[in-house]
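First comes the structure, then the notes that go with it.
Side chains are part of it too, since the values below use all heavy atoms of this structure and drop only hydrogens, waters and symmetry mates. Reminder, nothing fancy here: chain letters follow the sequence lines and each chain counts from 1.
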Number of protein chains: 2
Amino acid sequence: MNAQESIINSVDLDKKTVWFTGLCREKGLKVTPQRIAIYRELVKTNEHPSAEMLCEKVRQVFPSISLDTVNRTLLTLNEIGAAFIVEGSGDAKRFDGGLDEHQHFKCVECKRVIDFSHEPFNNIEVPQEMEEMFVVLRKSVYLEGICDLCR
Amino acid sequence: MNAQESIINSVDLDKKTVWFTGLCREKGLKVTPQRIAIYRELVKTNEHPSAEMLCEKVRQVFPSISLDTVNRTLLTLNEIGAAFIVEGSGDAKRFDGGLDEHQHFKCVECKRVIDFSHEPFNNIEVPQEMEEMFVVLRKSVYLEGICDLCR
DNA sequence: TTGACAAATAAGAGTTACTCCTAAATAGTA
DNA sequence: TACTATTTAGGAGTAACTCTTATTTGTCAA
Ligand SMILES: [Mn+2]
Ligand SMILES: [Mn+2]
Ligand SMILES: [Zn+2]
Ligand SMILES: [Zn+2]
């Protein structure tokens with residue numbers, strides 16, 4: 001099995017789809033076939049696709065979908081907590097449907113985003129004065145450099 | 001003194017300018033008045049300007065400079081290590097001329113980037129298997145949320 | 001000091017990645 | 001089954017770069 005595809009089996013995919021459907025209803029959002037298709041393609045991959053990349057994949061199962069719908073839907077997924085925008089410095093937004101605590105390495109050459117998980121980086125403690133002054137919604141450890149394929 | 005301006009005195013600014021001039025020569029880059037002007041405006045501020053924001057400021061002292069030159073120069077500063085692109089998720093690139101170890105909080109509402117420094121976040125240790133597989137050029141802890149002014 | 005010339009710049013065109021607009025379609029509901 | 005607020009497709013519009021080309025300039029060698 002190629003590490004870049006099918007990282008989830010169809011049973012887990014269906015479970016996640018049911019969970020997502022419930023989340024949509026909970027948030028008062030309509031459960032449209034486009035939303036389901038975009039969500040399913042996003043959680044199926046670990047390559048942190050851009051809206052454009054994901055649009056191409058979704059079109060294989062939903063040929064008439066528009067890029068605008070993909071963009072809008074991805075922002076919605078981010079807002080309701082079904083996905084998030086990967087941190088980085090520049091370039092097109094990249095999305096992630098993996099909600100388990102993990103970190104990212106981004107190659108500055110090929111722009112590939114690679115998952116890793118390092119226990120000390122999970123749930124890092126934010127200084128109290130920051131928590132008092134701001135609402136901290138997200139905290140992350142982020143690495144950047146040259147990947148194995150590029151160096 | 002407003003925390004958003006003049007965070008550096010003219011003696012330190014001149015020191016940094018001399019250092020930058022030397023770095024340019026070391027890297028075989030010409031020392032042009034445009035480069036100096038852009039570098040000086042960047043290190044003078046702690047507001048992490050975008051290319052557009054910085055271009056407006058530089059035009060106050062160098063009215064004929066083009067936005068393209070500002071963009072190109074900022075990428076050059078990033079390459080030679082005189083500045084870097086702030087991490088974040090989306091929107092226009094933001095630049096930072098402060099090379100002391102510190103971290104960023106970005107407000108998802110107003111897009112303000114705020115510096116902070118938390119000792120345990122300085123020089124975090126990257127897992128050995130990451131260092132073996134990739135060239136890690138940069139590591140950072142990044143927070144996102146709602147700032148004091150927006151909440 | 002003075003050329004020679006590679007590097008850098010200004011201005012404007014071109015491209016990418018969104019973001020907005022509007023008419024048509026549809027999921028939820030009564 | 002009918003209603004209606006949401007959502008969608010498709011196209012236009014915009015922001016943030018990125019490229020092209022003619023011109024200028026910093027550096028270095030004579
Ligand atoms: Mn991930
Ligand atoms: Mn900073
Ligand atoms: Zn790479
Ligand atoms: Zn704010």
Side-chain angles (χ1 to χ4, degrees), chain A residues 17-18 20-39 41 48-59 61-80 82-83 85-86 88-95 108 111 113, chain B residues 17 20-39 41 48-59 61-80 82-83 85-86 88-95 108 110-111 113:
Chain A
T17 305
V18 170
F20 175 67
T21 300
L23 183 65
C24 283
R25 290 195 209 283
E26 197 178 299
K27 301 281 183 180
L29 297 174
K30 290 184 178 176
V31 179
T32 65
Q34 288 92 333
R35 263 185 196 147
I36 299 287
I38 292 164
Y39 176 75
E41 285 302 322
H48 307 90
S50 64
E52 185 76 48
M53 290 156 73
L54 201 51
C55 190
E56 272 164 42
K57 288 213 170 186
V58 175
R59 276 182 174 152
V61 299
F62 209 119
S64 73
I65 203 157
S66 76
L67 176 59
D68 185 52
T69 296
V70 176
N71 264 305
R72 228 177 335 95
T73 301
L74 287 169
L75 295 182
T76 303
L77 297 192
N78 181 55
E79 266 163 30
I80 66 175
I85 305 172
V86 176
S89 42
D91 320 305
K93 288 187 190 74
R94 303 285 288 267
F95 297 86
V108 297
K111 316 295 182 193
V113 175
Chain B
T17 305
F20 175 67
T21 300
L23 182 66
C24 283
R25 290 195 209 285
E26 197 178 297
K27 301 282 182 179
L29 299 174
K30 290 183 178 177
V31 179
T32 65
Q34 288 92 335
R35 263 185 194 149
I36 300 288
I38 292 164
Y39 176 76
E41 286 302 322
H48 307 88
S50 66
E52 184 76 48
M53 288 156 74
L54 201 51
C55 190
E56 272 164 41
K57 286 210 170 188
V58 175
R59 275 182 173 152
V61 299
F62 209 118
S64 74
I65 203 159
S66 76
L67 176 59
D68 184 52
T69 296
V70 176
N71 264 305
R72 229 176 334 94
T73 301
L74 288 169
L75 294 182
T76 303
L77 298 192
N78 181 54
E79 266 164 28
I80 67 175
I85 304 172
V86 176
S89 42
D91 320 305
K93 288 188 191 72
R94 303 285 289 265
F95 297 87
V108 296
C110 68
K111 316 296 182 192
V113 175

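- With A:R94 contributing its side chain and A:K111 its backbone, the two residues share a donor-acceptor pair below 3.5 Å.
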Worked verdict on B:I38 versus B:F62 for side-chain contact (heavy atoms from CB on, under 4.5 Å): CA-CA 9 Å; B:I38 292 164; B:F62 209 118; over 6 Å; no
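- Under the 4.5 Å side-chain criterion, counting only non-hydrogen atoms from C-beta, A:L75 is in contact with A:I85.
- Regarding contacts with the backbone of D:dA9, a side-chain N or O of A:T69 is found under 4.0 angstrom from either OP1 or OP2.
- Annotation: side chain of B:V113 is not in contact with side chain of B:F95 (no heavy-atom distance under 4.5 Å).
- The separation between A:D91 atom CG and C:dT15 atom C1' is 15 Å, rounded to whole Å.
- Here CZ of A:R35 is found 7.5 Å from CD1 of A:I80. Values are rounded to the nearest 0.5 Å.
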Sequence-aligned protein contact record of nucleotides 20-30 of chain C, with B where the base is within under 4.0 Å of a protein heavy atom and S where only the sugar-phosphate is: BB-----BS--
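- One can place CZ of B:R35 at 11 Å from P of C:dA10, the figure rounded to the nearest angstrom.
- A:I85 places its CD1 atom 9 Å from the P atom of C:dC18, with the value rounded to the nearest Å.
- If you take CG of A:N71 and P of D:dG10, they are 15 Å apart, rounded to a whole angstrom.
- At the heavy-atom level, A:S50 lies nowhere under 4.0 Å from the strands shown.
- The separation between A:I38 atom CD1 and D:dT7 atom P is 12 Å, rounded to whole Å.
- With respect to B:L74, the side-chain contact (heavy atoms from CB on, under 4.5 Å) criterion is satisfied by exactly one of B:N78, B:V70, B:T76: B:V70.
- The distance from atom NZ of B:K111 to atom P of C:dC18 is 13 Å, rounded to the nearest whole Å.
- In this structure, the separation between NZ on A:K30 and SG on A:C24 is 12.5 Å, given to the nearest 0.5 Å.
- Here B:K93 reaches the OP1 or OP2 of D:dC17: one of its side-chain N or O atoms lies under 4.0 Å away.
- When the C1' atom of C:dT16 is taken as reference, atom CD of A:E52 falls 9 Å away, rounded to whole Å.
- If you take CG of A:L67 and P of C:dT19, they are 11 Å apart, rounded to a whole angstrom.
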